[in-house]
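Hydrogens, waters and symmetry mates play no part in the numbers below; they use all other heavy atoms, side chains included.
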Amino acid sequence: MSEWKTVIGLEVHAELETASKMFSPCPVVDSVEAEPNSAVDPLSLGMPGTLPVINMQAMEYGIMVGLALNCDIPPINQFARKNYFYPDLPKGYQISQYDRPLAINGFVTIDAENGAKKQIRVRRAHMEEDTGKLSHVMGGSLVDYNRAGVPLLEIVSEPDLFSSEEAARYARKLRSILRYLNVNSGDMSKGILRFEANVSVLHSSDSELRERTEIKNLNSIRNMVKAIDYEVRRQIKLYENGETVKPATLGWDEAAQRITIQRYKERADEYRYFPEPDLPIVEVSRAWVDEIRAGLPALPDQLQQRYVEDLGLSDYDAGVLTAERAVADYFQAMIAAGAEAKSAANWITGDLFRLMNAKEIEREAIATIPVTAAGFAELLALVQDGTINQSTARKRVLPAMWESGKDARTIVDDEGLAQVSDTALIADAVDKVLRANDDMVQRYLDGNDKVVNAIFGRIMGELRGKGDPKVVRQILSEKLTEMRD
């Protein structure tokens with residue numbers, strides 16, 4: 001296997017969340033939840049005499065994505081007819097872009113497996129219309145045209161990905177960027193974001209790329225990784241058996257966990273592209289591009305750098321917090337509510353994520369959890385001012401906030417969780433524990449300093465976890481020192 005190198009290029013299809021379809025005023029609906037064929041119009045149904053009109057909101061969204069991917073935006077772009085039989089597009093062709101796409105020559109930066117930064121080149125991003133959906137039933141197929149005509153942005157990378165893991169990192173980064181821009185929800189379960197992987201292998205003796213295959217309509221990053229790894233093994237086995245790899249369109253059979261060959265691939269010129277006669281050439285002014293650029297939000301890489309340089313976070317923590325826009329928004333809301341940045345980062349990436357994982361809540365859904373950013377900031381403030389200690393906050397208050405929806409102060413007051421800082425009360429507890437554990441005390445006096453931690457733990461237990469750790473350690477140290485002297 002070491003003689004072979006994996007080579008991957010990804011095609012990503014992202015539906016753009018506009019109110020209407022790409023070439024008609026027909027509304028865009030949830031293609032999974034809506035009644036089949038409830039959002040169609042004469043253009044969606046391919047009726048004779050209908051004429052398309054370009055959705056300029058979709059074009060603006062596409063330019064936003066192009067700029068976020070560091071692409072050039074050509075001054076001229078043009079739509080074309082892609083004459084290929086789509087059973088779920090009644091016109092008999094798809095309106096797409098070919099030799100004059102919306103955006104070209106960009107890149108996305110990912111964290112490579114060796115820890116270094118790596119740029120994945122983006123060849124192009126072009127606009128087109130989505131197809132409908134087929135449901136195969138006994139004796140035939142049913143078609144739903146709700147999705148037909150929805151604005152679709154296809155983002156094509158160069159073959160710069162050299163493992164399924166790199167492909168997964170690129171896919172996650174691209175998904176994150178689309179979410180930051182608010183142009184796509186990233187919901188792969190509903191087909192709003194779909195990946196197609198072009199896969200080939202390269203032998204150490206090769207001087208040029210070999211034939212590639214294309215794995216279509218991958219509906220999760222996990223399945224994409226499995227499909228790529230399976231196809232790499234299949235191709236290597238073919239070559240090592242003296243056979244060849246034919247360019248083909250493949251599918252991933254999730255139930256069987258294997259690749260299926262759907263059809264052998266046609267060449268691009270067999271799609272018979274020609275300029276769409278019913279749509280004008282689009283002139284993209286530099287003023288329009290500059291206006292869109294000025295309105296772009298801070299993107300993951302920019303936020304990550306800001307968190308490191310301005311807030312003093314580690315590169316790792318900043319990367320975790322900015323991977324999903326919802327998490328970055330939550331973190332920033334905590335800071336706005338008065339939380340200290342490093343403390344907020346530690347609590348979010350540690351205790352809060354553990355709670356969310358236990359409840360099987362994805363990080364992008366952090367805005368829906370019972371603990372609000374402002375409420376979490378209040379909890380951290382109670383720790384900071386000494387009202388409660390970290391152990392109580394972590395083990396008692398935060399879980400109670402999650403389950404009850406109550407604020408931290410109310411829980412602390414109702415359950416009597418406030419930290420004990422009374423030196424006389426703490427001194428009594430220390431004396432009681434030392435008397436009850438004279439064997440541990442003797443081990444300390446004999447030179448075993450580590451036993452102090454065990455004694456401290458028993459004192460905190462005596463105080464029901466509510467003792468101020470700093471005061472407890474100070475009084476314990478003083479009493480042990482007296483005994484040693």
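- Every residue two or more places apart in sequence or in another chain that forms a side chain to side chain donor-acceptor pair (under 3.5 Å) with T213 is listed here: E231, Q235.
- When the side chain to side chain donor-acceptor pair (under 3.5 Å) test is applied to S477, no partner is found at least two apart in sequence or on another chain.
- Counting non-hydrogen atoms of other residues, nucleotides and ligands closer than 6.0 Å to CZ of R458 gives a total of 12 or fewer.
- The side chain to side chain donor-acceptor pair (under 3.5 Å) test applied to D385 returns T387, not counting sequence neighbours.
- Of all the heavy atoms in P151 and T18, the pair that sits closest is CG-OG1, 3.3 Å.
- Only one option out of R169, K118, K173, K117 pairs with D111 in a side chain to side chain donor-acceptor pair (under 3.5 Å); it is K117.
- No more than 12 heavy atoms of other residues, nucleotides or ligands sit less than 6.0 Å from atom CD of Q384.
- K216 and E214 are joined by a salt bridge, as a carboxylate oxygen and a charged side-chain nitrogen come within less than 4.0 angstrom of each other.
- Judged as a salt bridge (Lys or Arg N to Asp or Glu O under 4.0 Å), and not counting sequence neighbours, the contacts of D160 are R121.
- Around NZ of K133, the count of heavy atoms belonging to other residues, nucleotides or ligands within 6.0 Å exceeds 12.
- When the salt bridge (Lys or Arg N to Asp or Glu O under 4.0 Å) test is applied to D329, the partners found at least two apart in sequence or on another chain are R325.
- Two residues are said to be in side-chain contact when any heavy atoms from C-beta on lie closer than 4.5 Å; E128 and L153 fail this criterion.
- A donor and an acceptor atom, one from each side chain of N184 and E17, are nowhere located under 3.5 Å apart.
- Side-chain contact, S31 with N146: no donor N or O sits under 3.5 Å from an acceptor N or O.
- Partners of D88 under the side-chain contact (heavy atoms from CB on, under 4.5 Å) rule, at least two apart in sequence or in another chain, are Y86, T131, L134, V143.
- The pair D130-R194 meets the salt-bridge criterion, with a side-chain N (NZ, NE, NH1 or NH2) lying under 4.0 Å from an Asp/Glu carboxylate O.
- Salt bridge annotation for R175-E364: present, with a cationic side-chain nitrogen under 4.0 angstrom from a carboxylate oxygen.
- For the pair R473 and F456, the distance from NZ or CZ to the six-membered ring centre is under 6.0 Å and the angle to the ring normal is within 45 degrees.
- A donor-acceptor pair is defined here as one N or O able to donate and one able to accept, closer than 3.5 Å; such a pair exists between the side chain of E340 and the backbone of K342.
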